[in-house]
Each structure stands twice: as C-alpha cells, then as structure tokens.
Amino acid sequence: MTPMERLSAVATGKPVDRLPVFCNLLDQGARALGMGIEEYYRSGASVAEAQLRMQRRWGHDNVWALFYVGKEAELLGCRKMVFAEDGPPNVGEWVIRTPEDIHRLQVPTDLADHPAFAETLRCARLLRAEVGGKVPICVYVTSSVTLPAILMGMEAWLGLLLTGPAELRDELLAKCSALVQAEIAAYRAAGADIILYSIPFASPDFLPERLCRSLALPWAARDLAPGGLAGIVYYVGTARMEGMAAEARRQIGVEAFYPSPRDDLRRLRAELGPSPLVAGVLNDIELVRWEPDRIRAEVKALVDALDGGPALFGTMLMPLAVPERSIAVMLEAAYACARRERA
Amino acid sequence: MLEATQDYFEAIHDTDRTGALRAVDEALARGLRPEDVLFQVVLPAIERIRGPEGQACASSLAQQYMAAVIAAELTERMVPLFRSAPAVSCRVVMGNSRGDFHGLGRRIVVGCLRAMLMEVVDLGLNVAPEAFVDAAVSSGARVIGISSMMDHTARGEGGCRAVRRLLQERGLEGTIRLAVGGAPYRFDPEMYRAVGADVWAPDGLSAGQLIARLARGEAA
C-alpha cells in the first residue's frame, strides 16, 4: 500500500497492511541537505527536497510543507525571526504592541501571491508534483484563538483574552480567523492533504474549561466552517485534549485527533467513541535519551493503547537532539508493532 | 476562612481579575489589614490554585497566570501599607535561557516569588549564561531560575549547562543553586539532571514555591 492508501484505508475502516506512521521531521531537513537552518528555510525547493529525501530514507507515511510556526506572523507583517542552529526560529518582533496595531492589522485574503507565503506554497506544489496522491502532504495552521500569541506575545494575548476589552479581543480574533480561512484555502489549492489545525487554547491545560467551550471552540468552528473539514486534524499543541476532545468534536465536527503524549489514549478513546481517527503520539523529548530497548518498549506500549478505533502512530515535533539511530529504532519498532497489531 | 479568602480564590479560579481586586478592596474597606490580605487571602489562593503538593497542578495556565500576576500586583500595593516593613528574606535571579522568547512561565514564577516577599532580579527573555551568573553575584542571590520553553533552549549550550559550567569555573557551586522549568522538562522529568540543574518544577506556581524554599536554604 502507498502511505496515502494506508491512511485512507485506516480512516474509512478498511483493512491495512499496518498502521500509518507519521514522523514529523522538520529542522532535520537542514542537516539532510548540509545547510544551516536559516539558509534552509529560505527556499521552498530546499524544504521539499529534504522532505522527500527523508521520507525515502526512513519510509514513514507523511511529508510536511511546513517551515516554522513564525511564518504565520510574517504573513501579518512580522519582519524579524531569530534563528538558531540547533532548533526552530522564534518570532523576533511583535506585530501588535498597542490596541491601534490591532485596528491597523491588514489580513491578506488571497495568499496565492503573498511574498511571505510564496516559498511555503512552492514547497507544497513541489511535493504534490513528486508524491501527490501517494504520500499525504501535511501542513500546519495555527487557530485564530492561538495566533495572537505569536503576534503580541503570550502574556499580552492572555491578558487581552481574559480581561478584555472584549470588542478588541473579538476584532483581533475575527482578523486571525480570516487569515486561517485564507491559509486553509491556499494550502488546499496547493495540494495539501492533511491540515494540522493547532489550537492549544482549547486545551484545559491552557484555559479553564468554561473558556475552552465558550470562546476557543466557537472560534475554531468559525475558522473551519468555510473550507469544510476534509483533511483537518485537531491538535492542541503538546497540551492535553482529554476532557475537551468530545466537546471539540461536537462543536466543530472534526473526526481526526492528534493528542499529546501526556493524554491517556484509552481514556481519550472512551471519550471520543470508536469512529474518530486518533493518533498515538510518542514523547520524542524523552526519545533523546532512551536506549533502543526502551524505545521499542515505549513504541509497543503506545501501539497497544491504540485499540478501539482508527489510529495512526505519530511523533511530536522531533527535536534536532534526537539521534538518528534513535529515529531508526523508533521507526523500525513502529513498523513492526503496527504490522503485528493489525495482522 | 475569611470571606475575602473564598471570594478572592473564586475570582482567580474564574480568571476574573476585576472580581479578585474587588474582593480585596471590599476586605480592606471592612478593616482587613494589608498584612492579612497578603498572607490570608492572596498566598492561600496561590496554594489552592496550585493544588496539593506532590500532585500535578490541576489548574490551567490561565488560572496560574492570573493567580501569580495579581498576587505580585497586590503585594506591591499592600507591602507599603504594612505596619512594619517586612524583611526581604532572599534574592533570586530569574530569566529565560538564551534564544528563548517565551516569557509566560517565567512571569508566573516571578509573580509567585514576589508575593512570597522574595526579591527577584528578573532578567527577562533571551538571557546569556554570563548574565545569569553576574546578576546572581552582584545581587547576592542564592538561586538562579532558568525558564526554557523549547527543547533546544533547554538542552542547548546557551542555557543551564553553560550556567552550571560558569558556576563551577567561578567556585560558586556551593553558594548558588540552579532551578529550571518549562515544557521540555515536563516531557522529560530527568532532563534537569542532564543540563546540570539542581531542581526542576512542572509548572510556574510549583516553581515559585520550590525556588522560595531553595532560596531560604531549605531542602527542595
């Protein structure tokens, strides 16, 4: 089976040779091409080439048209990224410093020709040309309720979100939601199959449940309504979604979930019921120091916990510090367990 | 329990800043002493939001943030009104490791420490290892707290590892303790040893309590 056939079969309850295995290798692409991270992320062709090279090398079931999360701040005017050589870059300036900045914020409605998005879309198109229809092409979109954290800083956003003024908060959320909708449309047009929709602010780890229900999830529904839910995977960052996942499904209608390694998969499955697709996500921060036997045991425990409905094996955003030999052991174990469990 | 204690806690729990400040103002109007506002209203709310020691904090980040930031604000308001100036027991240096621009967790820790009447030298974001050590030496701090939200800023050479090395080089290891916190440590509770820290905490309020104990010279 091709990775796309495997994923489609799992999602529709048909037989598969093994569970899909998603391995989220991003910054590793720079090493694969022998480049520095800043140079690497200047070119959509580089990112596409590295994604293809890594997928061929490791055999996992996805590729990414993802540069770094701060790209979305660039779409709204951020001109400074702080690059590192051992990890992803950070936003280096806040687009929003005053309430007037929110009023002035201009949201591009058509991203197809936006200079800050050109390389990302180029990457997606190159991936589509090479592996479209065979390997799921993944993209990452930050939800409207989370995006302000990279535009004004987490503390300022939390302050506005919690204490208002509500009109200003909603003005910002409406603009962010418009960007999310435009991103999703542009990504789909460029060939994206999987849209990882990131909404940490809908996790009870971030906000009290009352605000998850009454604020975060209604904005999520608004973000996703125009484009529909095809390929949308619900993700609350590395925070836990337990306790709010069923509510997300009810309010948004989403049917695929990418939880945190800190979620209890059996409790999550019980909360969601048998039909949604649920990923089992390995703790790839601990993976940095695990020895091979521990890796195999952790992978097996994770796959064992995926019974009860459609599932895939996945990683978080693999740190560069994960040794290559550990990636190899993890993937070999995942392929073996996923096959054995489905045999 | 004072009526204000419960009202204030409920407001913090609901992330209702206005309600929290109103509870305090009403208590003061009823004659509650500023000392009691801090020690019987504000600090107990932090402990309740934090939850039982030894267990994971069940409160959301927003609730922790609200508890810590309002606590720091009220401490600044109340302390000048105390009948006698409280002794500032200990000093702590706080900052985000070099290359780290995620300040929320640090702000929670700093707010919590200030409400416990610790003197905090807050170096902010993206702090060089030398700056941590220099600030600790010049201020006489007993603890350096380093916050990191990304794997590479926690584990890399711009963070705790380098601070530990500097403490060794300058013969300060017995004098200054190192505490770390942030998301990567929560995903790998053993990471603090690998980077040379003495202790770690899984959330901002726990970190505040832990660092306060370290600064007082108590066992962590």
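Residue numbers start from 1 in every chain, and the chains themselves are labelled A, B, ... in the order their sequence lines are given, proteins ahead of strands.
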**Q** Could you tell me which of B:Glu190, B:Met191, B:Arg17 has the largest number of non-hydrogen atom pairs under 4.5 Å with chain A?
**A** B:Glu190
**Q** Side chains of B:Ser60 and B:Gln63: donor-acceptor distance under 3.5 Å anywhere?
**A**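 Side chains of B:Ser60 and B:Gln63: pair found under 3.5 Å.
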**Q** Would you check if A:Val82 and A:Pro89 make a side-chain contact, meaning some heavy-atom pair closer than 4.5 Å?
**A** no
**Q** Within a strict 4.5 Å, meaning less than it, do heavy atoms of the B:Arg170 and B:Val133 side chains meet?
**A** yes
**Q** Looking only at non-hydrogen atoms, find the nearest pair between B:Val195 and B:Ala154 and report the distance.
**A**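 Reported closest heavy-atom pair: CG1-O, 3.4 Å.
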**Q** So which of A:Thr163, A:Leu320, A:Thr238 has the largest heavy-atom pair count under 4.5 angstrom toward chain B?
**A** A:Thr238
**Q** Of the backbone (N, CA, C, O) and the side chain (C-beta and beyond), which part of A:Pro208 lies under 4.5 Å from a heavy atom of chain B, both, or neither?
**A**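 The answer is both parts of A:Pro208.
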**Q** Select one option (side chain, backbone, both, neither) describing which atoms of A:Ser203 are under 4.5 Å from chain B's heavy atoms.
**A** neither
**Q** Say whether A:Thr142 and A:Glu72, considering side chains only, have a donor N or O and an acceptor N or O under 3.5 Å apart.
**A**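 A:Thr142 vs A:Glu72: donor-acceptor pair found between side chains.
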**Q** Where does A:Leu162 contact chain B at under 4.5 Å (heavy atoms): side chain, backbone, both or neither?
**A**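 For A:Leu162, heavy atoms of backbone and side chain both lie under 4.5 Å from chain B.
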**Q** Sort B:Asp14 into side chain, backbone, both or neither according to what part of it lies under 4.5 angstrom from a heavy atom of chain A.
**A**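 Both parts, heavy atoms under 4.5 Å.
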**Q** What residue in A:Val288, A:Val91, A:Leu211 has the most heavy-atom pairs under 4.5 Å with chain B?
**A**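 Answer, by heavy-atom pair count under 4.5 Å with chain B: A:Val288.
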**Q** Taking the six-membered ring where the residue is Trp, are the ring centres of A:Phe257 and A:Tyr234 under 6.0 Å apart?
**A**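 For A:Phe257 and A:Tyr234, the ring centres are under 6.0 Å apart.
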**Q** Could you tell me which portion of A:Leu287 (side chain, backbone, both or neither) has an atom closer than 4.5 angstrom to a non-hydrogen atom of chain B?
**A** neither
**Q** Report the option among A:Ala149, A:Pro88, A:Pro204, A:Pro261 that has the most heavy-atom pairs separated by less than 4.5 Å from atoms of chain B.
**A**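 Most pairs with chain B among the choices: A:Pro88.
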**Q** Check whether B:Tyr65 gets within reach of chain A through its side chain, its backbone, both or neither, counting any heavy atom under 4.5 Å.
**A**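 Contact with chain A is through the side chain of B:Tyr65 alone.
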**Q** Contact part of A:Asn90 toward chain B, heavy-atom cut-off under 4.5 Å: side chain, backbone, both or neither?
**A**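 Side chain of A:Asn90 only, per the 4.5 Å heavy-atom cut-off to chain B.
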**Q** For a quick check under 3.5 Å, do A:Ser260 and A:Asp263 share a side-chain donor-acceptor pair by atom type?
**A** no
**Q** Would one find more than 12 heavy atoms of other residues, nucleotides or ligands at under 6.0 Å from atom CD of B:Glu76?
**A**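 No, because the 6.0 Å sphere around CD of B:Glu76 holds 12 heavy atoms or fewer from other groups.
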